[in-house]
Structures are given as C-alpha cells and as structure tokens.
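Structure record follows, encoded as structure tokens.
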Amino acid sequence: MVPLTAEPVTDRGIWFRVETGSPGSALRRAAERLGEQLGLPDGRVADLAIVAAELTSNLIKHAEDGVLLLRPVRRELDAGVELVAIDSGPGMIDLVDSARDGHSTTGTLGIGLGAIVRQASWFDAYSQPGRGTVIAVQVFADAAAERPWVGGVIRPLTGETISGDGYAWRTIGERRQVLVTDGLGHGPLAAAATDAALAAFRAAPAAAPAEVVSHLHRALSHTRGAALAVAEPDPAAGLLRYAGLGNISGVVATGDGRRRGLVSLPGIAGHQRPTIRQYDYPFDADSLLIMHSDGVVDRWRLADYPGLTGRSPLVVAATLLRDAGIRRDDAGVLVARPW
C-alpha cells in the first residue's frame, strides 16, 4: 500500500495495493480523513468508514492483485468520496446473490457486500468468474445519487506517484463535452501539462470540439505539451462530434458489438502548428464512447465481457484499465453514454 500522510487527497486520488497482511485500518482512516476534509456529516463519515473497511476486507479475503482507488467525487453543489476496488481474482458467479446478507464463501457472517450497498449513495459492480471484480461506490452527504453518464480512471506508471494522464467533463447549457489528455512524458512535468489542459478546458468558451482543441493548444504553449481529444455527444442529432491531436484512442462501441475508431490527427497540443479538424460519427442511445491514452493497449473487445455494457461508465472504464492498462506507462480511460 502507498504511504499515508495527513495531506489532502487531490482529485487524482490515491491508489492502494491491498493484499494479505495489508493494514486495512490505515485505508479506513484515510477515507475518514477525506470525508471530513470534504465536509461530510459525522454519520456519513461513519458510513464511509464501513464501506472502506468492507471493501478492504473483501480484497484481502478474495482478491488477487487487489487495488483500491480513493478520491473525491464532485457534483454541482457538493462533493463526496469515491472508492473503486479492482481485482483479478476468482470473481463472483452471481453479484445479486453475493450481496445478500448471509452469503459467504469463507465462513464469515456474509454481510460485507450488503453493508457496502446499504451505506452507499451510489453503487455499481461487475464481476466475471475467472477474471475478477470491479466495485465502485460513492458516498455523499445525502443517501442517494444519480447514475453518472460519464466516468473515468487514471493510474500512474509503476514507480511514479502522479500520472501525466487526465480527463474532465463539463456541461454548458444543453452541451456536454469530455476531454482526455496525456501530458508528454511522465512525472510532474507531464502532470503539469495535463493540469493546464484540464483548467483550460473547464474555462473554455462553449464551442464545438475543434474550437475547444484550438483553445487548449494555445493554453498549453508554456508546457511541454500533450496529446488530447475532445468529444461532444449530441443525443438529439444522434451524433458524436470529435476532435483530437496525438495518440489518444477514441472508439464508439455500438449496441450490436461493433466498434468504430475515431480520428485524431498528428500533433502535440501546445507545440508546432497542428491541423485541427472535427469529425462527426453516428452515436445512438445504445452506444458507448470509450477514450484512452496510449498506456492502454487497444486490443480489448467488449464482447469478452458479457453484460459489461450495461454497467456504469466508471465500472466499464475500471475494467478496461485493469485488463488493458500497461504498467510501464501512465494509463487513463474515460467512458461516456449519450445521456
């Protein structure tokens, strides 16, 4: 597990490796501290502690290569805590049955997963026998949260504590846009380029993706630069508008199992004089937008994951990161639905 400090957890979050002998109490305390920093009521901090403890316990008892991501999650008017547990263990045959109180495969009371569901404002999971499990939980001050239309996850390469990859989304009126960025290289300077891109994206005018990418290109001139792409789902028109520079992979995965690659042009945002062009693609209600950095191998197939497309974008992103992310590079995945 990573060393714990009293420093605030940034929006990038902290990854913990959870294995036999891991001090689960330390991770629980980190979650409690984050909840307090975000102003959660005492009762919800206590609920968060239960979630963190049970997730850690499940990973120790059942997982292989178990990791847990702890980070803030923000809404328009408040913030909460998000935990994403990922493992490559035996998986669960029936998630619904596993969440039922009294179900146990290790001789315990069998209330762990059910306790997580009860304390969560929002919960989602995907498990596949022989491949492992992903569980995502959000805890806000109130007891309920809407199912997100977009979600993502980033992980630094082995040996680094900060990732040069990043993502963001924004809503401006009826317009929804997402950004995925990969700062050139690794470490703090790559992260600085990505942070500049994220800030510029959030402050950019309400414009088409190609114009937003041009804005980001100008904003990154003082950095080492980044590959990046901006996408805008337009459900009313049944289209996805997309513009990218460099090696960000974008795919529209359709409900019938097909995947269509999205065009990013050569270039580095912040440097050179790149050609920026926008492309429109069909994007119906059953489609998924999947974008990722080159730290994720582009050989995944959603057909290998029965039922995954029905899960939340965050769970889809975490599953692909687990199986297609490489350890010798920063890795980031974002997934979005039309609505």
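These figures come from a predicted structure and were not determined experimentally.
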Distance in Å, Met291 CE paired with Leu228 CG, rounded so as to fall on 0.5 Å steps: 9.0 Å
Which heavy-atom pair separates Pro72 from Thr10 by the least distance, and what is that distance? CD-O, 3.2 Å
Can you list everything that forms a side chain to side chain donor-acceptor pair (under 3.5 Å) with Arg44? Sequence neighbours excluded, please. Asp47, Ser121
Heavy-atom closest pair (Pro266 atom, Pro274 atom, distance to 0.1 Å) is O-CB, 4.4 Å
For Gly164, does its backbone N or O pair with a side-chain atom of Thr194 as donor and acceptor, under 3.5 Å? yes
With sequence neighbours left out, write down each residue that passes side chain to side chain donor-acceptor pair (under 3.5 Å) with Arg224, or none if nothing qualifies. none
Among pairs that include at least one residue of residues 144-165, which meet side chain to side chain donor-acceptor pair (under 3.5 Å), considering only residues two or more places apart or in two chains? Asp165-Ser293
Can you tell me how far apart CG (Leu321) and CD1 (Ile86) are? Round to the nearest 0.5 Å. 6.0 Å
Inter- and intrachain pairs under salt bridge (Lys or Arg N to Asp or Glu O under 4.0 Å), touching residues 297-307, at least two apart: Arg259-Asp298, Arg301-Asp304
Just how far is it from atom CG of Asp42 to atom CD of Glu36, taken to the nearest 0.5 Å? 7.5 Å
Backbone N/O of Ile154 and side chain of Trp15: donor-acceptor pair under 3.5 Å: yes
Which residue pairs pass the salt bridge (Lys or Arg N to Asp or Glu O under 4.0 Å) test when at least one of the two sits in residues 119-135, sequence neighbours left out? Asp124-Arg311, Arg131-Asp323
What's the shortest heavy-atom distance between Val315 and Ala136, and which atoms? CG2-CB, 4.0 Å
Smallest heavy-atom separation, Leu239 atom then Phe283 atom, equals C-CB, 3.6 Å
Candidate list Leu289, Ile248, Val251, test side-chain contact (heavy atoms from CB on, under 4.5 Å), partner Leu262, passing option: Leu289
Measuring from atom CG of Leu302 to atom CZ of Arg258, what distance do you get when rounded to the nearest 0.5 angstrom? 13.5 Å
Report the C-alpha distance between Leu314 and Trp122 in whole Å, list the side-chain angles of each, state the deciding distance to 0.1 Å, and finish with yes or no for side chain to side chain contact (heavy atoms under 4.5 Å, CB included). CA-CA 12 Å; Leu314 175 56; Trp122 175 83; 4.2 Å; yes
Could you please spell out the steps behind the side chain to side chain contact (heavy atoms under 4.5 Å, CB included) verdict for Arg277 and Leu265? CA-CA 8 Å; Arg277 188 171 299 147; Leu265 298 178; 3.7 Å; yes
Applying salt bridge (Lys or Arg N to Asp or Glu O under 4.0 Å) to Asp234 and not counting sequence neighbours gives Arg241
List the residues meeting side chain to side chain donor-acceptor pair (under 3.5 Å) with Arg260, not counting sequence neighbours, and say none if there are none. none
In the single-linkage hydrophobic clustering (I, L, V, M, F, W, Y; side-chain heavy atoms under 4.5 Å), do Val117 and Leu55 co-cluster? yes
Partners passing salt bridge (Lys or Arg N to Asp or Glu O under 4.0 Å) against Arg322 (at least two apart in sequence or in another chain): none
For residues 69-89, which residue pairs pass the side chain to side chain donor-acceptor pair (under 3.5 Å) check, not counting sequence neighbours? Asp11-Arg74, Arg71-Glu82, Arg71-Tyr167, Arg75-Asp78, Arg75-Asp142, Glu82-Gln138
Side-chain donor-acceptor contacts of residues 202-217 below 3.5 Å, not counting sequence neighbours, with atom names and distances?
residue	atom	partner	partner atom	Å
Ser214	OG	Ala210	O	3.2
His215	NE2	Ala200	O	3.4
His217	ND1	Gly270	N	2.8

Results of side chain to side chain donor-acceptor pair (under 3.5 Å) for Ser287 - residues two or more places apart only: Asp284
Judged by atom type as modelled, is there a donor-acceptor pair below 3.5 Å linking the side chain of His292 to the main-chain atoms of Val297? no
Could you measure the distance from the CD1 atom of Ile290 to the OG atom of Ser249? Nearest 0.5 Å is fine. 11.0 Å
Hits for salt bridge (Lys or Arg N to Asp or Glu O under 4.0 Å) against Asp195, two or more places apart or cross-chain, chain-then-number order -> Arg12
Rounded to the nearest 0.5 Å, the CD1 atom of Ile135 sits from the OH atom of Tyr126 at a distance of 14.0 Å
Smallest heavy-atom separation, Leu334 atom then Leu179 atom, equals CD1-O, 4.2 Å
Minimum heavy-atom distance between Ala229 and Ser264, given as atom pair plus value: CB-OG, 4.3 Å
